[in-house]
Amino acid sequence: MELFKLIFIEPFEVMAALPDLLLQTLWEGFVSGILYSLIALGFVLIFKASGVFNFAQGIMVVFAALTLVGIHAMGVPPFLALILTLGVMALLALTVVKLVMKPLVNQPDIILFMSTIGITFILIAGGQLIFGGEPKAMITTELGLPTGSSDWEVGGGIVIFQHIDIAAAVIAALLIAGLALFFNKTKTGRALRAVADDHQAALSVGISLEYIWVVVWFAAGVVALTAGILWAAKSDVSFALQVVALKALPVLVLGGFTSIPGAIVGGLIIGIGEKLFDLYWGVPILGGSTESWFAFIIALLFLLYRPEGLFGEKHIERI
Amino acid sequence: MLKKIILGAASIAVAGSMYTTTPAFAEDTLYIPSLSYRTGAFAGAGIPISNGYADYFAMLNARDGGIGGAKVVVEECETGYKADKGVECYEATKGNGALVYNPYSTGITLQLIPKAPVDEIPILSMGYGLSAAAIGEKFPWVFNYPASYWSQMSSILKYIDSQGGIKGKKIGFIYLDVGYGKEPIPLLDKLAPEMGFEWVGFPVAGKDMQNQAATWLNVRKERPDWMIAWSFGAMTPTAVKEAAKIRFPMDKFVGNWWSGGHADLEQVGAPGKGYLAANFSGIGTDFPALQDVIKHVVDAGNSKANKEDIGKVNYNRGLFNAVIMAEAIRSAQAKTGKKGINGADMRLGLENFVLDEARLKEIGLEGFTAPVVGSCADHEGAGSIFLQQWNGSDWERVSDLIAPMTEVVRPLLEEAADNYVKEQTDWKTQSCG
């Protein structure tokens with residue numbers, strides 16, 4: 001009976017008594033969710049184009065943020081540092097494709113996956129050698145990102161909107177929309193979709209696999225840089241940040257590995273769901289810290305009942 | 001060819017960042033392995049600690065020709081703060097005549113505790129590790145000077161009590177959800193009814209150190225009067241930023257001594273103004289010993305630290321660790337009459353060194369820390385702590401020394417030590433008369 005109350009009655013009583021807290025939770029979940037979507041998008045882009053699950057996406061977030069902060073620390077103005085960082089990510093994309101992807105083309109997926117683990121270690125070691133292991137502050141204000149907050153009075157309480165969170169949500173949404181448009185409406189985007197459908201057919205109509213791979217790895221680098229800036233603004237730039245990218249895994253399972261809308265919807269479901277669950281059910285019943293595993297339980301349920309995710313393509317292999 | 005050269009260089013770079021070579025040592029050298037973490041998620045604390053530790057010994061070598069005529073050799077082994085790597089480092093270096101291990105990780109310390117009596121190499125987990133190791137009779141080979149986590153927590157609670165009383169207050173305890181973070185929970189359980197406060201825990205999983213939004217929504221829901229943090233690494237700046245976000249009063253938010261480094265709060269800046277943290281080692285370079293380090297090591301180009309980082313909280317923490325080592329070595333040399341000592345001699349030194357006010361003044365560290373005196377029975381020294389406060393750009397000491405509640409903590413430590421020993425087979429204890 002006590003458990004029944006904890007699950008079905010008390011959470012809703014708290015929601016009704018503290019509407020400001022409920023709205024704050026939804027907002028925090030939305031902000032986290034859209035950032036999860038952004039990180040997941042980096043995985044989706046590369047997976048769609050090459051069938052490779054890019055294990056290095058998490059460290060790319062750290063590497064991009066470190067590069068930006070490191071270049072700025074050398075006295076380079078912030079926006080020039082941003083452009084130079086994009087150049088570094090382009091160079092990284094070119095290097096990965098030339099040295100890893102191209103020589104391993106037609107190898108089994110597991111070989112390509114293992115190669116991205118190798119890329120992860122090289123980026124960890126390279127990042128530490130070049131920029132050092134110390135955590136660094138993100139150059140948030142230097143990049144013109146807003147600080148401060150606005151309050152919304154509701155139900156006798158307040159909902160606090162951090163301006164950086166609003167900016168993060170807007171920037172992430174714009175980037176996601178921009179990438180969706182680019183890959184759906186441009187020639188390169190159509191070529192990417194052709195490559196995603198069938199490598200050999202794409203090659204036969206003159207599409208350069210190498211070019212497409214460089215484009216998607218660079219796009220994943222841009223996504224990593226954006227995620228790195230926005231997430232590090234909430235914390236710091238340190239190697240611990242790469243673990244946050246693990247949250248993209250349940251998002252991908254939920255939304256589907258090949259679907260951009262899936263990454264967005266999956267991110268929002270995970271972001272909002274984990275915050276609501278932790279606050280209203282996780283802490284009273286399980287003592288808290290459920291945010292670390294809630295998303296993976298959802299992903300597990302999807303793997304059992306809908307393995308292709310909400311928006312993923314259902315593959316039927318005929319024997 | 002080019003690809004091979006690049007891949008080869010990358011492999012060497014990776015390998016070089018993870019391992020160090022093992023030099024040969026003369027018999028009259030004092031070999032001290034340093035289990036460092038200059039890489040990984042906690043490098044922000046690991047780097048300055050290792051620098052301060054190495055620089056103090058380098059200063060003694062340069063200024064005095066070592067300790068008692070024996071040069072100190074500090075060999076770093078990178079653990080990345082990982083217990084398995086820490087054990088690998090231990091096994092790789094113990095055969096070189098290691099005098100003592102300072103694991104700088106509770107996880108690694110717990111792995112090494114059973115090895116210490118077997119290999120006869122003592123462990124000093126300075127202000128971390130297993131609190132129960134403070135009981136010297138039960139843990140002859142393990143030390144946690146100048147205070148255990150439980151003593152520290154009791155001092156923090158005393159401070160809160162001094163700021164308008166703790167009775168009837170709700171204390172929020174945010175902690176890294178690993179052994180380190182959970183260590184003081186038994187003390188909170190014990191003291192809550194005795195001191196008349198209520199406490200509520202907010203665990204943060206390791207992989208959510210930078211993702212604490214849900215945790216702080218819970219804090220907002222619970223509305224604690226005070227918050228205490230047992231955080232580390234990226235968890236600290238994230239927690240302080242989140243606290244600022246929900247407008248929790250910063251001067252009612254107290255971190256432990258691993259939650260108050262410069263690297264932690266420099267990432268936060270002005271929003272963290274007012275945040276408090278415990279400390280047991282001095283801040284700044286306004287001490288003759290620090291000036292000697294700058295003169296003999298930093299200015300000579302023999303330090304890995306940037307000059308502006310000398311004197312920061314974690315640098316001085318590492319330096320203080322080296323000071324205790326050096327004083328224990330001197331004590332061991334005096335007791336045994338030997339220049340080159342071994343692990344067993346070092347253990348003797350750790351139980352007999354005297355770092356009192358007079359000695360602190362003599363070595364150029366007057367006012368740097370509370371006195372610490374080694375003993376057979378008390379391996380933590382029950383040292384006092386002070387509180388420091390972030391002023392928006394730097395730490396400032398804001399309290400006098402706060403002694404721990406020894407009368408409460410000691411019986412708990414003894415009980416925990418008894419329980420630990422009961423679970424071991426063939427555990428060596430000692431009698432301290």
Side-chain angles (χ1 to χ4, degrees), chain A residues 14 18 20-21 24-25 28-29 31-32 35 95 98-99 103 118 121-122 124-126 128-129 132-138 147 149 158 160 162 165 231-244 246-247 271 274-280 282-283 287-294, chain B residues 2-3 6-7 10-11 13-18 37-48 80 177 200-218 220-222 233-239 241-242 244-247 263-264 266-271 309:
Chain A
V14 177
L18 300 168
D20 58 319
L21 187 64
Q24 188 77 58
T25 307
E28 297 293 340
V31 173
S32 295
L35 288 172
T95 309
K98 287 275 184 199
L99 297 185
F121 284 113
I122 288 170
I124 290 173
Q128 285 173 157
L129 279 174
E134 301 95 337
K136 294 161 183 70
M138 178 44 70
T147 54
S149 60
I158 54 165
I160 303 168
Q162 294 290 320
D165 286 347
W231 208 289
K234 291 155 74 77
S235 179
D236 62 6
V237 185
S238 75
F239 283 86
L241 199 59
Q242 64 175 311
V243 186
V244 174
L246 287 176
K247 274 287 166 68
E274 67 181 12
K275 302 282 182 294
L276 284 174
F277 182 81
D278 192 68
L279 186 66
Y280 295 106
V283 172
S289 205
T290 63
E291 203 178 3
S292 60
W293 53 259
F294 174 79
Chain B
L2 177 66
K3 186 172 75 179
I6 293 171
L7 285 174
S11 307
V14 172
S17 70
M18 297 171 83
Y37 39 99
R38 293 179 181 274
T39 62
F42 302 102
I47 291 170
D177 198 8
V200 54
F202 302 102
V204 175
K207 62 174 182 283
D208 279 327
M209 287 196 303
Q210 290 175 297
N211 190 19
Q212 296 178 33
T215 304
W216 286 89
L217 285 166
N218 275 309
R220 186 172 155 177
K221 183 179 152 204
E222 292 291 338
M235 182 179 159
T236 305
T238 312
K241 282 185 179 182
E242 290 287 347
K245 201 166 140 181
I246 67 161
R247 296 178 195 158
D264 300 320
E266 281 167 354
Q267 322 305 322
V268 181
D309 292 333

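Proteins come first, then strands; the chains are lettered A, B, ... in the order of their sequence lines, and each starts at number 1.
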Mind ranking [options] by heavy-atom pairs under 4.5 Å with chain B and telling me who comes out on top?
options                                : value
A:Asp278, A:Thr290, A:Thr95            : A:Asp278
A:Val31, A:Val283, A:Leu35             : A:Val283
A:Lys234, A:Lys275, A:Met138, A:Glu291 : A:Glu291

Please classify the contact of [X] with chain B as side chain, backbone, both or neither, using a heavy-atom distance under 4.5 Å.
X        : result
A:Val14  : side chain
A:Gln162 : side chain
A:Gln24  : both

Inter-residue atom distance [X].[atom1] - [Y].[atom2], 0.5 Å rounding:
X        : Y        : atom1 : atom2 : answer
A:Asp236 : B:Thr238 : CG    : OG1   : 6.0 Å
B:Ile246 : A:Glu28  : CD1   : CD    : 10.0 Å
B:Gln267 : A:Ser235 : CD    : OG    : 8.5 Å
B:Asn218 : A:Ser289 : CG    : OG    : 10.5 Å

I'd like to verify something: which residue of B:Ala43, B:Pro48, B:Ala214 has the highest number of heavy-atom pairs under 4.5 Å with chain A?
B:Ala214
Between chain A and each of B:Gly44, B:Ala234, B:Gly206, B:Pro203, count heavy-atom pairs under 4.5 Å; write down the option with the most.
B:Pro203
Not counting sequence neighbours, which residues clear salt bridge (charged side-chain N to carboxylate O under 4.0 Å, His left out) with A:Lys247? List them please.
A:Glu274, B:Asp208
Would a 4.5 Å heavy-atom cut-off, applied to side chains only, mark [X] and [Y] as touching?
X        : Y        : value
A:Asp20  : B:Arg220 : yes
A:Trp231 : B:Asn211 : yes
A:Ile158 : B:Arg247 : yes
A:Ser238 : B:Gln210 : yes
B:Lys245 : A:Asp165 : yes

Whatever's closer than 4.5 Å to a heavy atom in chain A on B:Lys221 counts as both
Checking heavy atoms, do the side chain of B:Leu217, its backbone, both or neither come under 4.5 Å from chain A?
both
Minimum heavy-atom separation for A:Ala137 to B:Glu266, with atom names?
CB-O, 4.4 Å
